[in-house]
Amino acid sequence: MAFNMNPLKNPMPTQDAQVRNGNFNEVALGYTAEMAIDEAKRCIRCKHRPCVAACPVNIDIPEFIAKVAEGDFEGAYQIIAKDSSLPAVCGRVCPQENQCEGKCTRGIKAGCEAVGIGRLERFVADWHNENCNEKPQKPTPNGHKVAVVGSGPAGLTCAGDLAKMGYEVTVFEALHVAGGVLVYGIPEFRLPKAIVQKEVENLKALGVKVETNMVIGRVITIEELKTEYGFEAVFIGSGAGLPKFMNIPGESLKGVYSANEFLTRSNLMKAYKSDSHTPIQHGKCVAVVGGGNVAMDAARTAKRLGAEVHIVYRRGEEELPARKEEIEHAKEEGIIFDLLTNPTRILATETTDPRNPSYGWVSGIECVRMELGEADASGRRSPKEIKGSEFIIPVDCVIMSLGTSPNPLLKATTPDLETLRRGEIAVDEVGKTSIEGVYCGGDAATGAATVIKAMGAGKVAAKAIDEYIQNK
Amino acid sequence: MYQIVSKKSLNPTVTQMEILAPFVAKKALPGQFIILRVDEDGERIPLTIAGYDREKGTVTIIFQIVGGSTERLNHKNAGDFIPDFVGPLGKATHTQGLKKVCVVGGGVGCAIALPVARALHEQGTKVTSIIGFRNKDLVILEDEFKAVSDEFYMMTDDGSYGRQGNVTVPLKEMLESGETFDEVITIGPLIMMKFVCLTTKAFNVKTIASMNPIMIDGTGMCGGCRLTVGGQMKFACVDGPEFDGHEIDFDEAMSRSRMYSDFELHERDDACNLFKQEVK
């Protein structure tokens, strides 16, 4: 088979930027079969396979790509499925440029691009979901019960792996739908919710029970799961859901949201739809404070709701923590980037009469210009205020996207559960916590990170839980 | 799915429902709240728990019809189901060690004040209850309150029932006459709680207010329910819903509570069948 030596990836077909910034349909449309085969032939099957080592769940990437090149898409899916339980999700939201694609041999030379591994993974998963209706077979039960707390990427992966080994797994979800951050956090235009639902349905076919509306810690404690309900082990994948604020004046004005609240209203509660019963502010001019992926999601959501949107970030373009692709998409859609800019306070409308409907609403955000100083010990250049450079961006909505911390509810209701300084649940390398039989992984243990890292932690913990129960 | 076991109209705008939710009933305590959704595309609405029966596995909620979702909930009847009912959320009322307490309820807030008064009464606390309503037609739970109170005061704004005036009138009189309480617990409209707290602050009587701000998840995730308490940002869902009333920034809470008032009015019109009738 001849390799395709084109230095560039097959471009991903997308909705036109000026059309998509007015709708919530998925931005990237996915490869056709021809594009996928053509792209797969760009993989030169190098000997040292750096992509596999760079994948947090070590998918056999060259093997699945070889199957794609042959046109055997189901064969490719089966290879991915051995290591990943959520390929349609990861193909869309993994930061491949820092993982598999970041190490790809084809991408090393200047001007050359890595093989589009993420795009191929997405193609294969979508092809499987469209063409194979076969539900996974329920394995023979081994008679052991495991509880999984949280149905985000870590919990779903851990549940899937344990179910495949024959465990009777129950997933407890606090919200009314399963999926965690995949449902409440990542917007429809980046990850259609139907895909998440399909993954959850696949888990149910494996025999996993999903109990929604169960806030573990309150409804049932971790201890009770073990003593009263007979679960031999518990996996905690409760994520990092606690939003941070800046502690600047004006953060409690009407029109100020945490990114979590804004995105939850739009994604989980479907407030972007005109017939939704959950309200969301359709701002005229919105400032999103922060530069991560969540900030991009919030900004692009606000844009779609009709606003002029500013990203306000205290460092420069180079330092933006969001994925390159998300930043590019945001720019194409008309998001304005106010970089080296830091908010100092949020201003309220002038009226002092509480009966006036405009009382207590945001009218602007005062910012100060920043410059980057010398690199600190970590090599990161820290931003410093330029004195006297304050200016005001007139906005009627501010979305704070400064990151999240692990949800404190479990710690508060489980006194024996040891946590670290920022509330992360303390674990060893396989996810073991300070309580026997209780494991943890994903953002709850690491603080906010990525979907694939959470999946990786779910996998490792599933293996450790299996060993723990088998050796009891 | 969660079944509505019984439904009772307490006054034209306030309805009581008993919901079959054994997991919630098993753990519920006075002061905690639940979140429910009325239908599959419904919003999440937080309601403080008005009662529970651990044996029957039921939780009682009492709600005022204020917006589209409560209007739709009120359309449901005994035997019907709602898709989601999660709880108990938030921290329970701290009642331990209290010997003498004044419970001040207003409007539909009395529904939540009642289980607190009852819990205090059952543990032997001397309970003084002051409950207030706009007028006679809106009075709810009078007998229930009397049954758990050592002293009882009924107030209406227009004097159509009980004594005329707001709840702070008898409270102030008592405090001025030298009456003391270990604690005053107040549950009701924000403006009422604000003035109860101002009244007790002058006499330095510890006062707890139960807050019911806008929220979505109820587990500390959205931050929509944030309040300023003692100059610090607090989340009502996980840090509350009860806080030291003398520390709460009520003006801010009142402003925030009106964030979606236009949307709410519109939603309620949409949900109300009367508004859909063509004018003949």
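As a basis for the values below, the full set of heavy atoms in this structure was taken, side chains included, without hydrogen atoms, waters or symmetry mates. From a predicted model like this one, the values you see are computed outputs, not experimental measurements. Chain letters run A, B, ... following the sequence lines, proteins first and then strands; every chain starts at 1.
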Heavy-atom distance under 4.5 Å to chain A: side chain of [X], backbone, both or neither?
X	value
R226(B)	side chain
F23(B)	both
R37(B)	side chain
M259(B)	both
F85(B)	backbone

Below 4.5 Å, heavy-atom pairs only: which of [options] has the largest tally toward chain B?
options	result
T212(A), V177(A), I220(A), D275(A)	I220(A)
P408(A), G217(A), P243(A), A174(A)	P243(A)
N260(A), V219(A), N407(A), L253(A)	V219(A)
P279(A), A271(A), S258(A)	P279(A)

Atom of S6(B), atom of E18(B) and distance for their closest heavy-atom approach: OG-OE1, 2.8 Å
Minimum-distance pair of heavy atoms, taken over all atoms of M400(A) and I248(A):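 Reported closest heavy-atom pair: CE-CD1, 4.2 Å.
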Donor-acceptor pair, side chain of E173(A) and main chain of S151(A), under 3.5 angstrom: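 Answer holds: yes.
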Please look at [X] and chain B and tell me whether the side chain, the backbone, both or neither of the residue comes under 4.5 angstrom of a heavy atom of that chain.
X	value
V256(A)	both
L409(A)	side chain
I280(A)	backbone
Y184(A)	side chain
T413(A)	neither
S276(A)	backbone
E211(A)	neither

With chain A, which of [options] has the greatest number of heavy-atom pairs at distances under 4.5 Å?
options	answer
G223(B), G220(B), P83(B)	G220(B)
L89(B), V238(B), D249(B)	L89(B)
T228(B), D41(B), V24(B)	D41(B)

Could you tell me if [Y] and [X] have a donor-acceptor pair between their side chains, going purely by distance under 3.5 Å?
X	Y	value
E424(A)	T446(A)	no
S210(B)	E242(B)	no
N74(B)	T15(B)	yes
D158(B)	N135(B)	no
T351(A)	D353(A)	no

Whether over 12 other heavy atoms sit under 6.0 Å from R258(B) CZ: yes
Sub-4.5 Å side-chain heavy-atom contact between E224(A) and K27(B):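 Side chain of E224(A) against side chain of K27(B), heavy atoms only: contact under 4.5 Å found.
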Y260(B) and Y257(A) aromatic ring geometry - parallel, tilted or perpendicular at 30°/60° bounds: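 Ring orientation, 0 to 90° scale: tilted.
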Ring-face cation of K145(A) near F231(A) (centre distance under 6.0 Å, axis angle within 45°): yes
